[in-house]
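Below: one structure, written as structure tokens.
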Amino acid sequence: MRQKTKMAAIVALTVLAVVLSVWGPEALAKYQDRSLLNQTYTKTATRAGEGYLYKLSVDDKLYLLARCLSSQTLPESEQSALTRQGGSGPYQDLKGSYTFLANYRSPSEKEITDDEVYETCSRAVDELGDAGVIPGEIREITAEAYDATLYSAIDILEPRNNIAVWKVSLSDSTGNRNKENCLMDAYLDAEDGKIYEFYVRTSLLWEEIDVDALIAAWSSYMGLSEPEPYESENPLLEATPYYKKYVFAATEDERTIVTVGFYEGINELFLKISR
């Protein structure tokens, strides 16, 4: 009798275990759902850090802008535009993975505004003059005499690699005014106002300009690495015989070429960047 009772108990426990294994999890889940649904809970989360903010170095910005400018028609003075040889020079074999687009949005909170850009450009030109990069006193840059357009330079394959720059140019509406000691074109960083590239008219001659000192001062002004002289056997790199080129390394495999040159006759000094 005891053995039959024991066997019956074992069978009952087995059946109960089977029923619980099938029905139990579903019933428990429904019970938990009823306790959580339609309820509002708050919890204070602690943050270990503010996270990683991606930011380009000055060398990277220079390289990116050079690639983007090389992908489109470069801003240049009348003399350069008339004499540049089509298809020659360092702007061949473009891959199309960089773009330079007019930016029709309003500047962000961190960027120089339309109203500030002319005064910012004047200050930057004065700073370059004090540093010995731009010779002589350049006339004030004003909204009446200049045009300014905001551009975006973008690495299409890596869109996070992008910078905004202002292009400031002497307006066509100035007509035949005397352009001596005038800024003709310049590219400014839209955040800090640093000048990446410029064309200016000067009273000096090429022989009076210490090019090595000029590039060293500009490099220091920009916060760039030390440049190296760039030599090429191609005599058609520029539309003028008066120039000297330098190389700035962005990475081990990437470089930016900076050219300091001079257009005789119109006495135009330029500093431009290219790939």
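Note that these values count all heavy atoms, side chains included, but never hydrogens, waters or copies made by symmetry.
Glu238 and Lys272 are joined by a salt bridge, as a carboxylate oxygen and a charged side-chain nitrogen come within less than 4.0 angstrom of each other. Salt-bridge annotation for Lys110 and Glu191: absent, with no side-chain N of the basic residue lying under 4.0 Å from a carboxylate O of the acidic one.
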Full working for side chain to side chain contact (heavy atoms under 4.5 Å, CB included) between Ile141 and Val168 = CA-CA 9 Å; Ile141 289 85; Val168 178; 4.0 Å; yes
In sequence, state the C-alpha distance, the side-chain angles, and the governing distance for Tyr146 and Cys182, and then conclude on side chain to side chain contact (heavy atoms under 4.5 Å, CB included).
-> CA-CA 11 Å; Tyr146 285 83; Cys182 277; 4.2 Å; yes
Would Leu271 and Ile215 satisfy side chain to side chain contact (heavy atoms under 4.5 Å, CB included), going step by step from the backbone distance to the final call?
-> CA-CA 9 Å; Leu271 183 150; Ile215 198 68; 4.2 Å; yes
Intermediate values then yes/no, side chain to side chain contact (heavy atoms under 4.5 Å, CB included), Ile273 and Tyr63 = CA-CA 8 Å; Ile273 59 178; Tyr63 175 78; over 6 Å; no
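The closest side-chain donor-acceptor pair between Ser169 and Asp185 falls under 3.5 angstrom. Defined by atom type and a distance below 3.5 Å, a donor-acceptor pair is present between the side-chain atoms of Thr259 and Lys245.
Residue Arg139 holds its CZ atom at 13.0 Å from OG of Ser122, rounded to the nearest 0.5 Å. If you take CZ on Arg201 and CG on Asn178, they are separated by 9.5 Å, rounding to the nearest 0.5 Å. Summarising the geometry, atom CD1 belonging to Ile209 is positioned 13.0 Å from atom NZ belonging to Lys244; distances are rounded to the nearest 0.5 Å. In this structure, Lys179 NZ and Asn267 CG are separated by 14.0 Å, a value rounded to the nearest 0.5 Å. A distance of 6.0 Å separates CG of Leu214 from CG of Leu269, quoted to the nearest 0.5 Å. Separation of atoms CZ (Arg160) and NZ (Lys55) is listed at 14.0 Å; rounding is to 0.5 Å.
Between Asp59 and Thr256 there is no side-chain heavy-atom pair separated by less than 4.5 Å. For the pair Tyr199 and Leu183, the minimum side-chain heavy-atom distance is 4.5 Å or more. Side-chain contact check for Tyr98 versus Cys68: some heavy-atom pair is nearer than 4.5 Å. A heavy-atom distance below 4.5 Å is found between the side chains of Leu62 and Val258. In this structure, Met222 and Tyr196 have side chains that are in contact, with non-hydrogen atoms separated by less than 4.5 Å. Contact check for Leu170 versus Asp147: no side-chain heavy atoms found under the 4.5 Å cut-off.
Judged by distance alone, the side chain of Ser220 and the main-chain N or O of Ala216 form no donor-acceptor pair under 3.5 Å.
When the side chains of ILVMFWY residues are joined at heavy-atom separations under 4.5 Å, either directly or via intervening members, Ile138 and Leu204 end up in a single hydrophobic cluster. Hydrophobic clustering keeps Leu101 apart from Ile163 (ILVMFWY residues linked when any side-chain heavy atoms are closer than 4.5 Å, directly or through intermediates).
Contacts of Tyr230 classified as side chain to side chain donor-acceptor pair (under 3.5 Å), with partners at least two apart in sequence or in another chain: none. Residues that satisfy the side-chain contact (heavy atoms from CB on, under 4.5 Å) test with Thr120, not counting sequence neighbours, are Ile112, Glu116, Arg123, Leu188. Residues satisfying the side-chain contact (heavy atoms from CB on, under 4.5 Å) test with Pro107, not counting sequence neighbours, are Glu111, Asp114, Leu150, Trp166. Listed by chain and number, the residues in a salt bridge (Lys or Arg N to Asp or Glu O under 4.0 Å) with Asp155 amount to none (sequence neighbours excluded). Every side-chain contact (heavy atoms from CB on, under 4.5 Å) that Ile154 has, sequence neighbours left out, goes to Thr99, Ser152, Asn162.
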Would you tabulate the side-chain donor-acceptor contacts of residues 124-136 under 3.5 Å, counting partners in other chains and residues two or more places apart, or write 'none'?
none

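Heavy atoms of other residues, nucleotides or ligands lying less than 6.0 angstrom from CD of Glu137 number 12 at most.
The heavy-atom pair separating Ala66 from Arg275 by the smallest distance is CB-N, 4.1 Å. Here the closest non-hydrogen pair linking Thr149 and Ala102 is CG2-CB, 4.4 Å.
Exactly one residue among Tyr263, Tyr243, Trp218, Tyr187 makes a ring-ring contact (aromatic ring centres under 6.0 Å, His included) with Phe270. That residue is Tyr263.
The side-chain tip of Lys194 points at the ring of Tyr221 from less than 6.0 angstrom away and within 45° of straight on.
Ring pair Trp206/Tyr242 is tilted by interplanar angle, where 30° to 60° counts as tilted. Under the 30°/60° scheme for interplanar angles, the aromatic rings of Phe100 and Tyr151 are found to lie parallel.
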